[in-house]
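Chain letters run A, B, ... following the sequence lines, proteins first and then strands; every chain starts at 1.
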Number of protein chains: 4
Amino acid sequence: MDAVDVHRGNRHGRSEAARAAVLHAADDLLAERGFAGVTIEGIAERAGVSKQTIYRWWPSKVDVLFEALGDDLAEDLTPPDTGVFADDLRDYLRTLALFLTHSDPGAVLRALTGQAQHDPALAERLRAEHLRPQRERERALLARAGLPPGPGTDAALDRLTGPIYYRVLVTGDPVPPSFTDALADAFLSPGRDHSSASSSA
Amino acid sequence: MDAVDVHRGNRHGRSEAARAAVLHAADDLLAERGFAGVTIEGIAERAGVSKQTIYRWWPSKVDVLFEALGDDLAEDLTPPDTGVFADDLRDYLRTLALFLTHSDPGAVLRALTGQAQHDPALAERLRAEHLRPQRERERALLARAGLPPGPGTDAALDRLTGPIYYRVLVTGDPVPPSFTDALADAFLSPGRDHSSASSSA
Amino acid sequence: MDAVDVHRGNRHGRSEAARAAVLHAADDLLAERGFAGVTIEGIAERAGVSKQTIYRWWPSKVDVLFEALGDDLAEDLTPPDTGVFADDLRDYLRTLALFLTHSDPGAVLRALTGQAQHDPALAERLRAEHLRPQRERERALLARAGLPPGPGTDAALDRLTGPIYYRVLVTGDPVPPSFTDALADAFLSPGRDHSSASSSA
Amino acid sequence: MDAVDVHRGNRHGRSEAARAAVLHAADDLLAERGFAGVTIEGIAERAGVSKQTIYRWWPSKVDVLFEALGDDLAEDLTPPDTGVFADDLRDYLRTLALFLTHSDPGAVLRALTGQAQHDPALAERLRAEHLRPQRERERALLARAGLPPGPGTDAALDRLTGPIYYRVLVTGDPVPPSFTDALADAFLSPGRDHSSASSSA
DNA sequence: AGGTAAGCGAGACGGTACGTCGCGTCTTCAC
DNA sequence: GTGAAGACGCGACGTACCGTCTCGCTTACCT
């Protein structure tokens, strides 16, 4: 913790302090000024770091944000496993909605998803490193429902999580528990009629 | 039609030729070089128009793209009305998927939706001028199913269209007719089991 | 004087009101904001006149200023003729110094002379329309001293007025009566020694 | 001398190569296209330098020209000292006339003097950094004539150099040796009559 | 008395240059 | 050999004026 312990960058490797300061500064700037307010020069100034240090380790500002996202999806969005599938599913969807709408890493993910619409390489990287692993975790959840693995699982997940992302990214409507619970219920009790979907909203 | 008839811009109003050239150029640039390749200077050069003319009428490049979107949603995405609701719904979802994934205005909409993640004002404008009117057209479609108007309609639409937008904006998976038909079927026959959803894929 | 009498411009000639407003506005702008602050658009706005009206009658802003100078040199700088040459000469040099340093048309002349350093056409026009006629008036003054016409007159005038212009345009030193009187004295009594020139300063 | 030795600009200071290229380009443009043809963009392009580099070191194009003037006055206009005052004075006035009318730095000085008519700050800077030091060198010349220092010296210099500047800046007349010699003679032999001044012209 | 043509205001237009911001590269020196 | 500092070439930004143009109004004068 002491200044003595801080790597300043030398032949023994990069400065962890600089790395953390950069990621932190990028996060802050995204929260304070939005995506356009995140600039390499701004990050460098706020982090007390030189531009060169940033360019040495990250190819672009989206890579900084990408790394700032870290393992937050794995940490925050691993579905629970209580043994009661219905509860686990409802829980997970609620957590996902909350993550996307109100968490700091959720804001980063939204910004990156937005940028991914302009940048196919970023899109692919997001999918490979975050979205497909997350999908894998979701598949594991559904597997506990006794569903046989297969394309049906993915289709079901698209129907479960798609409307949540849709509200977050497109309509901007809030995503309350009533909404995610209804999605879960539709999966759990496919026979219920349409109006019942709203009765629980 | 003659050159005599061309508004060149005077006290009686702006030049329609310049307006059209700008919108067209913006569209082209988006298609050719992506969102980052759309610059005011680039639009001006390609449209044979001065920068000032663009700034006179549009606050920013997203406003140009916004106007370039025009009434394409209303024109291309008004659900059909053949009298057979099931066909109409299936048709509409297929059309929506095609629009989002393979049409020029769909590309503009994707870019704007991406940018909207960084720009709340744009997000609101997109919703007010395009998404909510589109939702209204979708409500009219569902009304023909005999569904009573109410929040249930919106929830149903979120489940019908949400997964399509999700694939387009997030996973990047293709959205084939089998996928949209399955969504329609799930709405039309809520009792079918999950695996059947994929059997038609 | 009534509005009825104001030419608004028609087939029979230009609007005198517009002309005067333009010249006045140019003058004001020069005084208030300096030469760089004189723009065609600024003149048009302040004069309540359209740009086109200015361009119809003047090729450029320097032409406006040029016309704003009017006959001020002839009016303000015609040497007096009291019959006493020494007094006339002293008077004239004092008047010239005052005109150049503290009058409104003097400010216009200084600005135009400055601009003439960048614009040979303007320089020639200034000389043809103002400076050479002024030189002619000065020659007439010297002729009354009994000096035979010839190149000697011009050389003498260069020595009489040159130092005044020099102070105004180059050193920025004030040009008090003592200075101009000394110039006159040096001409009137060429035998006086150098130090006496300053003793009257 | 090698490329290795060229400062490219870093924490230890600016690039001397860029500085020289900018000054050279500005000089060239002034000579080729006149003052209005000197633009920051034009300098940048011709010098192979970015606009930002110019703005980093010079507030305006006038400042570039100012620096381009360098020490040329001190170098070219230091009066000679042969021990024969009359010769020195005649020589100096001839050199001054030639400098102002036909040298490259003289053209820069004329342009700056012209611009100084529109810009008091530039006027003061010209005087402080170039004109007053030059006046000091001229005073030293006159001191060798045995003239006691005092305001008489300045008045005499105004009469010696004023007419030269006057012809250069105002009338545009040529300034031949006969003209400057006559000025020198009038100083050296104040008793000669007026007509004699022209006889040597 | 009506038609006509010039002067006028308004202001949109294609341009050029402005001065600024951020990019990504580079070089140097301290540690 | 990392990192802070910061100059550099570059590209785009948004603004100010330029000089040109077209339009519709007004106003004599001239059928």
Reference residue B:Val38; test side chain to side chain contact (heavy atoms under 4.5 Å, CB included); the match among B:Val62, B:Asp28, B:Leu30: B:Leu30
If the condition is side chain to side chain contact (heavy atoms under 4.5 Å, CB included), which residues does D:Ala26 pass it with, not counting sequence neighbours? D:Ile43, D:Val64, D:Leu65
Does anything in residues 105-130 of chain D form a ring-ring contact (aromatic ring centres under 6.0 Å, His included)? List the pairs, not counting sequence neighbours. C:Phe35-D:His118, D:Phe66-D:His130
Tell me which of D:Pro59 and C:Arg19 sits closer to the 5' end of DNA chain E, going by the nucleotide each one is nearest to. C:Arg19
Counting neighbours of CZ on C:Arg56 that are heavy atoms of other residues, nucleotides or ligands and sit closer than 6.0 Å, is the number greater than 12? yes
Of the listed nucleotides E:dC23, E:dC13, E:dG19, the one nearest the side chain of A:Ile40: E:dC23
Please collect all side chain to side chain donor-acceptor pair (under 3.5 Å) contacts where either partner lies in residues 35-48 of chain D, sequence neighbours excluded, each pair once. D:Glu32-D:Arg46, D:Glu41-D:Lys51
Whole angstrom value for the distance that separates P of E:dA17 from CD1 of D:Ile43: 12 Å
Below 4.0 angstrom, which residues in residues 48-58 of chain B have at least one non-hydrogen atom near DNA chain F? B:Lys51, B:Gln52, B:Tyr55
For residues 25-36 of chain C, which residues have at least one heavy atom under 4.0 Å from DNA chain E? none
In short, salt bridge (charged side-chain N to carboxylate O under 4.0 Å, His left out) pairs touching residues 107-117 of chain B with sequence neighbours left out are none
Side-chain donor-acceptor distances from residues 122-129 of chain B under 3.5 Å, at least two apart:
| unit_1 | atom_1 | unit_2 | atom_2 | d |
| --- | --- | --- | --- | --- |
| B:Glu124 | OE2 | B:Arg132 | NH2 | 2.7 |
| B:Arg125 | NE | B:Glu129 | OE2 | 3.0 |
| B:Arg125 | NH1 | B:Asp63 | OD2 | 2.8 |
| B:Arg127 | NE | A:Val170 | O | 2.9 |
| B:Arg127 | NE | A:Thr171 | O | 2.9 |

For D:Ala21, the side chain to side chain contact (heavy atoms under 4.5 Å, CB included) test, sequence neighbours excluded, returns D:Ala47
Euclidean distance, atom CD of residue B:Glu45 to atom P of E:dT16 [Å, nearest integer]: 11 Å
Roughly how many Å is it from CD in D:Glu41 to P in F:dC13, rounded to a whole number? 14 Å
